[in-house]
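FYI, side chains are in, hydrogens and waters are out, and symmetry mates aren't considered; it's all heavy atoms of this structure.
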Amino acid sequence: QYVPVKGDHVIGIVTAKAGDVFRLDVGGSEPASLSYLAFEGATKRNRPNVQVGDLIYGQFVVANKDMEPEMVCIDSSGKSSGMGIIGQDGFLFKVSLGLIRKLLAPKCEIIQELSQLYPFELVIGMNGRIWVKAKTVQQTLIIVNILEACEFMTAEQRKQALAKLSGN
């Protein structure tokens, strides 16, 4: 089970709208809250169009054992910085936190190697959730399968698998 940490970027699933606050499942023991004002450009009149079931990429601003975890989709200067509602037509899956750390490491070659195969969009949450979208469903699923398998492959095995896929 994921334990929210202040500053972590995670992918949450909107489970409810309660007044000015959205409730999100982030894979922890309790839902996180997200204010409708915690989006770039949001005001009382200009609310973000968030629906139950939407995927949200955001960051924890409050995360400690005595308080409900609280997320925002803006950085300290009020910009979205890539956070917000994630597109509908990708694929969300869960991996181990160990693999997430590996993928987010500064010198991670996995994503660079995959991007030579097909163009794709990728969102990685510290809570073990990954969202991916390529041009076709088939390409998306190939990327999902490689990412899932990467955890147990050596760099050499991975290169061989990718070479087979690219037809070299």
Side-chain angles (χ1 to χ4, degrees), residues 1-97 99-108 110-112 114-137 139-141 143-144 147:
Q1 191 168 9
Y2 172 73
V3 178
V5 176
K6 185 177 176 176
D8 269 8
H9 285 79
V10 297
I11 298 174
I13 303 164
V14 179
T15 55
K17 276 172 149 172
D20 294 343
V21 176
F22 303 107
R23 296 259 172 262
L24 279 80
D25 164 15
V26 290
S29 55
E30 59 175 337
S33 67
L34 172 67
S35 163
Y36 77 93
L37 288 170
F39 289 85
E40 183 176 353
T43 60
K44 275 189 158 53
R45 283 204 180 122
N46 181 25
R47 288 173 175 248
N49 181 18
V50 177
Q51 305 299 328
V52 171
D54 281 355
L55 299 178
I56 305 274
Y57 181 60
Q59 183 177 16
F60 284 114
V61 283
V62 174
N64 58 46
K65 61 184 195 309
D66 309 317
M67 291 170 72
E68 170 185 69
E70 193 181 317
M71 281 172 66
V72 294
C73 291
I74 42 177
D75 61 18
S76 54
S77 58
K79 295 276 175 247
S80 67
S81 301
M83 293 182 279
I85 302 170
I86 299 174
Q88 287 297 313
D89 42 0
F91 187 82
L92 181 73
F93 63 107
K94 253 184 102 61
V95 297
S96 74
L97 298 182
L99 179 56
I100 293 286
R101 286 190 198 95
K102 198 171 175 179
L103 292 172
L104 290 173
K107 290 195 174 132
C108 176
I110 300 169
I111 294 165
Q112 289 172 346
L114 274 175
S115 62
Q116 288 162 7
L117 202 57
Y118 317 114
F120 62 92
E121 291 175 65
L122 183 69
V123 181
I124 299 175
M126 285 298 295
N127 56 344
R129 290 181 180 158
I130 296 179
W131 177 89
V132 67
K133 178 189 173 202
K135 277 198 172 113
T136 66
V137 173
Q139 288 180 359
T140 299
L141 292 175
I143 290 166
V144 167
L147 285 170

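Side-chain atoms of T140 never come within 3.5 Å of backbone atoms of K133 as a donor-acceptor pair (strictly under, hydrogens ignored).
Pairs of residues two or more places apart, or lying in two chains, never qualify as ring-ring contact (aromatic ring centres under 6.0 Å, His included) while including a residue from residues 10-40. Evaluation of the side chain to side chain donor-acceptor pair (under 3.5 Å) test over residues 53-70, restricted to residues two or more places apart or in two chains, returns R23-E68, S33-E68, D54-Q88. Residue pairs satisfying the salt bridge (charged side-chain N to carboxylate O under 4.0 Å, His left out) criterion with at least one member in residues 3-21, sequence neighbours excluded, are listed as follows: D20-R47. Within the structure, ring-ring contact (aromatic ring centres under 6.0 Å, His included) contacts touching residues 69-90 (residues at least two apart or in different chains) do not occur.
Scanning both residues, P69 and E30, for their nearest heavy atoms gives CD-OE2, 3.5 Å. When all heavy atoms are compared, the tightest approach of A32 to M71 is CB-SD, 4.1 Å. Nearest heavy atoms, G41 versus N46: O-ND2, 3.0 Å. Among all heavy-atom pairs drawn from G58 and C73, the shortest one is CA-SG, 4.2 Å. Nearest heavy-atom pair across V52 and T15 is CG1-O, 3.7 Å. Minimum heavy-atom separation, L24 to I56: CD2-CB, 3.6 Å.
Between K102 and C108, the closest side-chain pair of non-hydrogen atoms is not below 4.5 Å.
Residues passing the side-chain hydrogen bond (donor to acceptor under 3.5 Å, both in side chains) test with S115: none are found, sequence neighbours excluded. With sequence neighbours excluded, the residues satisfying side-chain hydrogen bond (donor to acceptor under 3.5 Å, both in side chains) with D75 are S77, S81. Partners of T136 by side-chain contact (heavy atoms from CB on, under 4.5 Å), not counting sequence neighbours, listed by chain and number: Q138, Q139. Looking at residues two or more places apart in sequence or on another chain, you find no side-chain hydrogen bond (donor to acceptor under 3.5 Å, both in side chains) involving R101. Residues meeting the salt bridge (Lys or Arg N to Asp or Glu O under 4.0 Å) test with K79, sequence neighbours left out: E40. With sequence neighbours excluded, no residue forms a ring-ring contact (aromatic ring centres under 6.0 Å, His included) with Y2. Residues passing the side-chain hydrogen bond (donor to acceptor under 3.5 Å, both in side chains) test with S35: none are found, sequence neighbours excluded.
In this structure, CG on L97 lies 11.0 Å from CD on Q1, to the nearest 0.5 angstrom. Once rounded to the nearest 0.5 Å, the distance linking CG of L55 with CD1 of I85 reads 10.0 Å.
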Which side-chain N or O atoms in residues 116-128 pair as donor and acceptor under 3.5 Å with protein atoms at least two apart or in another chain?
| from | atom 1 | to | atom 2 | distance (Å) |
| --- | --- | --- | --- | --- |
| N127 | OD1 | I11 | N | 3.3 |
| N127 | ND2 | I11 | O | 2.8 |
| N127 | ND2 | V26 | O | 3.0 |

